[in-house]
Amino acid sequence: MNKKVAIIMGSTSDLPVMQDAIDVLKELEIEIQVDVVSAHRTPEKMFEFGKTAHENGIAVIIAGAGGAAHLPGMVASLSPLPIIGVPVKSSNSIDGWDSVLSILQMPGGVPVATVALNGAKNAGILAAQILGATQEDVRERIINYKQGLKEKVTKAAAQMRENV
């Protein structure tokens, strides 16, 4: 049975960044569940989500957060699933470094895979690759996606050489 990827964020203001994960997972035909789950404003919802996600058909969680960025780590402390953290450069952020370090510097035993600042697209691709490790159809779509990237770069390089 194919599993879905949950994409959660601390605030609706994170959606413009997290949309990249949504878009790439839709392109790869992977079922998603998207929600706002704030570690600070809705902690009860976050606890319930983190404790039960694996019982609800979710295989991977992508959690985006800005500022103090506690959401990915807190969900990782509650869930047995792989968590991919997306640091978001938000309006209250210190150039995004606070978000990056809050997600990156997890204590031993509570891992969070962390992508680049505003790197939701890579989070989506990584989530798909995690699913693809055990789902051959997803793995084939990832192979085709990466082939498409190669072809796009090759075509752009050829066009550049023609125009130089």
Side-chain angles (χ1 to χ4, degrees), residues 3-54 56 58-132 138 141-142 145-146 148-150 152-153 156 160:
K3 298 277 189 157
K4 60 186 162 188
V5 174
I7 301 170
I8 59 173
M9 59 206 84
S11 170
T12 57
S13 64
D14 299 331
L15 183 58
V17 169
M18 300 306 290
Q19 188 67 49
D20 288 342
I22 294 167
D23 292 345
V24 75
L25 288 166
K26 284 183 175 180
E27 181 180 344
L28 293 167
E29 301 174 32
I30 294 170
E31 185 179 354
I32 59 172
Q33 173 182 318
V34 180
D35 203 356
V36 172
V37 180
S38 173
H40 301 110
R41 294 177 293 262
T42 61
E44 295 87 358
K45 180 179 181 178
M46 180 203 61
F47 270 83
E48 180 66 20
F49 173 82
K51 287 182 176 183
T52 63
H54 65 285
N56 296 315
I58 295 169
V60 181
I61 299 169
I62 299 173
H70 289 121
L71 181 61
M74 289 300 297
V75 172
S77 75
L78 298 164
S79 179
L81 299 175
I83 312 298
I84 303 169
V86 179
V88 175
K89 184 177 179 184
S90 58
S91 60
N92 65 340
S93 185
I94 305 166
D95 290 334
W97 278 109
D98 47 348
S99 304
V100 170
L101 294 174
S102 293
I103 298 173
L104 185 67
Q105 293 296 108
M106 293 301 297
V110 189
V112 174
T114 309
V115 296
L117 184 65
N118 292 346
K121 182 175 186 175
N122 275 352
I125 295 167
L126 179 56
Q129 288 178 203
I130 291 169
L131 293 178
V138 175
R141 290 195 297 272
I142 289 288
Y145 178 83
K146 290 191 172 200
L149 293 176
K150 176 182 173 183
K152 184 176 179 181
V153 169
M160 178 197 67

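Computed from heavy atoms alone, side chains included, the values below leave out hydrogens, waters and symmetry copies.
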List the steps and the verdict of side-chain contact (heavy atoms from CB on, under 4.5 Å) for Leu126 and Asn122. CA-CA 6 Å; Leu126 179 56; Asn122 275 352; over 6 Å; no
Between atom [atom1] of [X] and atom [atom2] of [Y], what is the distance when rounded to the nearest 0.5 Å?
X	Y	atom1	atom2	answer
Ile125	Glu27	CD1	CD	8.5 Å
Ile30	Lys4	CD1	NZ	13.5 Å
Leu131	Glu31	CG	CD	11.0 Å
Ile83	Ile103	CD1	CD1	11.5 Å

Which residues pass the side-chain contact (heavy atoms from CB on, under 4.5 Å) test with [X], sequence neighbours left out?
X	result
Ala65	Ala69, Leu71, Pro72
Ala21	Ile7, Ile62, Ala120
Gln19	Leu15, Ile22, Asp23

Looking at every heavy atom in both [X] and [Y], which two are closest together, and how far apart are they?
X	Y	result
Ile142	Ala128	CD1-CB, 3.4 Å
Gly96	Lys89	N-CG, 4.0 Å
Ser99	Gly67	OG-N, 2.8 Å
Val112	Ile84	CG1-C, 4.4 Å
Ser79	Ile61	OG-CD1, 4.0 Å
Met46	Ser38	CB-O, 4.3 Å

Any side-chain heavy atom of [X] sitting closer than 4.5 Å to one from [Y]?
X	Y	answer
Met9	Val17	no
Val138	Leu28	no
Val86	Asp20	no

Residue pairs passing the salt bridge (Lys or Arg N to Asp or Glu O under 4.0 Å) test with at least one member in residues 38-52, sequence neighbours excluded, are Asp35-Lys45
Going by side chain to side chain donor-acceptor pair (under 3.5 Å), name the residues that satisfy it together with Lys146, two or more places apart in sequence or in a different chain. Gln129
Can you name the residues that form a side chain to side chain donor-acceptor pair (under 3.5 Å) with Ser77, not counting sequence neighbours? none
Give a yes or no on whether Tyr145 atom OH has more than 12 heavy-atom contacts from other residues, nucleotides or ligands under 6.0 Å away. yes
For side-chain contact (heavy atoms from CB on, under 4.5 Å), just list the numbers for Val34 and Met18, CA-CA rounded to whole Å, side-chain angles, deciding distance to a tenth of an Å, and then say yes or no. CA-CA 10 Å; Val34 180; Met18 300 306 290; over 6 Å; no
Ser102 (side chain) donor-acceptor with His70 (main chain) under 3.5 angstrom: no
